[in-house]
Amino acid sequence: MKKILVTILFVASASCCTRHASAQAIIVNPSVKATEASKAELREIFSGAASSLKDGSHVTPVLQKGGAAHEAFLTSIVGKADAAFRVSWRSLVFSGQAVMPKNLDTDAAVVEYVAHTPGAIGYVAKDSGHDGVKVLAVH
Amino acid sequence: MKRFLAIAAAMLMGAVVQGHSQSLDELNVQIHGYATQGFLYTTNNNIFTTKSSDGSPSWDEGVLNISAQPAQKLRVAVQGRYFVLGNFGNKITVDYAMADFKANDHFGVRFGKVKTPSGLFNETQDIDPSYIWALLPQSIYPISSRNSLLSHFGGVAYGSFVLAHKLGKIEYRGFAGQRTLSSDDGYFVNQTEAGILLPNGTHQNMFGGAIHWKTPLPGLMIGLSNIKNLKGSDTVTAGNGAISGTQSINTFNLPNYFAQYEKGKYMFAAEWTRIPVGGSLALPPVITQPIHLDLRSWYVMGSYKLTDKFSTGLYHGESFDRKATLGAARYSKDWAVAARYDFSQFIYAKAEQHFIDGTSIGYDTNLNTGGLKPTTKMTVLKMGVNF
């Protein structure tokens, strides 16, 4: 009985963690050669510290204004709250080091933009449609 | 009154646009900005050329930033600023106006009037919305000289490399050009009030570099920078222009060593610098005197985000001139306790209490005619809006 309970708990926690880790999908325009990216790479890209993935693919990030995918992305990839995340982008803009990434309202808008913009990279809820974009494996 | 109306209008505009910064898609043009209104109160002494011992709202700022990205690797940007703090500023200046070509993550260049990437905060010291602090540590980032030290005419080369064996990442900057300290810069305020003017300010040719090592420990960055200021001389006048002479400054190095650690809701940082300046002031036949100072300055700071909207922080900064005579005018020590509340993504308020010991930073003669008391408590309040 004890063994069964432990197994159930293990399966339940694994399932919970898996759901959290894959709450959002990282999508890129099909022109981007890369098929995978590490969390560290994505953190650099979406914080403005880098503009290309490890394989040399140049990418331009697009953000969401809010929502579940945005919150999940900040928590699991960037490691910052929304306010701190936007403050760091403002610092880059006002110090002349970057332009503010495009901010879109919905998953659908992000998919649409990424699909039609060479080099674009964004994040959407995993269960949203992915027509015309490529999903990166995140490790 | 006119000034307050201008700032109020800027704040209103910021509130109205509510972050819908105008992005002109076809031209990739973006417009951003911010405006702040500060208030100073000191228990002793008047600081930053304001009548702060009576309470002074004479601290306003408005910034407009326009950038465009006509090609993937090319950006152009210009940023203008209206700044007034007591008798400082009260004019519009250009923070930077530059073209940036980024070949890849390893190499990029900027030309024009560009921000000088020295120290931990020099490039960003003017960006009020970025900080919990109403005033950065004055020991290294004096607000009365901020506009002069922020940028230079010339160029910056920059890039980054990921180190092998998971040793982290190196970000580098190399820069060269000419930096101008305007005639009303804070460094010259007491000299100016004594009737000795630098009508054209000072022009320093300089070059330097900076290295930021993002260590394998996530959130920890260790860095150093150095600026080599080359020997130069500038015109100086006295007696309302009746006497003319030269102020010469010898070549000197301006090193900064710094570290920053950010993890979750915490941020810690520390920085040390030295400003060893030698030269001479010659106004024959009246004055010929050497200039010598050797400032050693540092600070440590920490902040904590209590909630998404409310942050607190504490720092201690010190500066002392090893060449100065003993006394309170030789040094400045400052404890600051800060709090910031973000009403929304675009509007925030800051409150800060300073406990200042020593008189070497921030004071002028004309507004402290009765002499300076060695210690002062200073309260700072600030409202800001950005878009």
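Chain naming here is simple, since letters A, B, ... match the order of the sequence lines and numbering starts at 1 in each. Values reported hereafter were calculated over all heavy atoms of this structure, with side chains retained and with hydrogens, waters and symmetry mates removed. This structure is a prediction, so every number in the text was calculated from the model and none was measured.
- In this structure a side-chain-to-backbone donor-acceptor pair under 3.5 Å is present from B:Arg75 to A:Gly96.
- Only the backbone of A:Ala98 comes within contact range of chain B, with at least one heavy atom under 4.5 Å from a heavy atom of that chain.
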Assess whether side chain to side chain contact (heavy atoms under 4.5 Å, CB included) is satisfied between B:Asn65 and A:Val93, documenting all intermediate values.
-> CA-CA 8 Å; B:Asn65 176 296; A:Val93 171; 4.1 Å; yes
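- Proximity to chain A (any heavy atom under 4.5 Å) is restricted, for B:Lys214, to the side chain, taken from C-beta onward.
- Comment: B:Lys169 engages A:Glu44 in a salt bridge, judged by a side-chain N to carboxylate O separation of less than 4.0 angstrom.
- Residues A:Ser91 and B:Ile127 share a closest heavy-atom pair of O-CD1, 3.4 Å.
- Here the straight-line distance linking atom CD of A:Gln97 with atom OH of B:Tyr158 works out to 8.5 Å at 0.5 Å rounding.
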For the pair A:Arg90 and B:His32, evaluate side chain to side chain contact (heavy atoms under 4.5 Å, CB included) and give the outcome as yes or no after the intermediate values.
-> CA-CA 9 Å; A:Arg90 277 190 207 113; B:His32 298 277; over 6 Å; no
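- Between B:Thr124 and A:Ser95, the shortest heavy-atom distance links the atoms CG2-CB, 4.0 Å.
- Within 6.0 Å of atom CZ in A:Phe85, more than 12 heavy atoms from other residues, nucleotides or ligands are found, so the atom counts as buried in its surroundings.
- Heavy atoms closer than 4.5 Å to chain B are found in the side chain of A:Ala83, but not in its backbone.
- Between chain B and the options A:Ser52, A:Gly119, A:Ser88, the largest number of non-hydrogen pairs under 4.5 Å is found for A:Ser52.
- Shown here for A:Phe94 and B:Tyr34, the closest heavy-atom pair between the two residues is CZ-CD2, 3.6 Å.
- Applying the 6.0 Å contact sphere to CZ of B:Phe310 captures more than 12 heavy atoms from other residues, nucleotides or ligands.
- Contact count versus chain A (heavy atoms, under 4.5 Å) is highest, among B:Ser311, B:Pro117, B:Gly33, B:Gly264, for B:Gly33.
- For a residue to count as touching a neighbouring chain, one of its non-hydrogen atoms must lie under 4.5 Å from one of that chain's; by this rule B:Glu123 touches chain A with backbone and side chain alike.
- Closest approach of B:Ser67 to A:Val99, counting heavy atoms only: OG-CG1, 3.6 Å.
- Contact count against chain A (heavy-atom pairs under 4.5 Å) is highest for B:Asp105 among B:Asp308, B:Asp105, B:Asp95.
- Between chain A and the options B:Lys102, B:Arg110, B:Met98, heavy-atom pairs under 4.5 Å are most frequent for B:Arg110.
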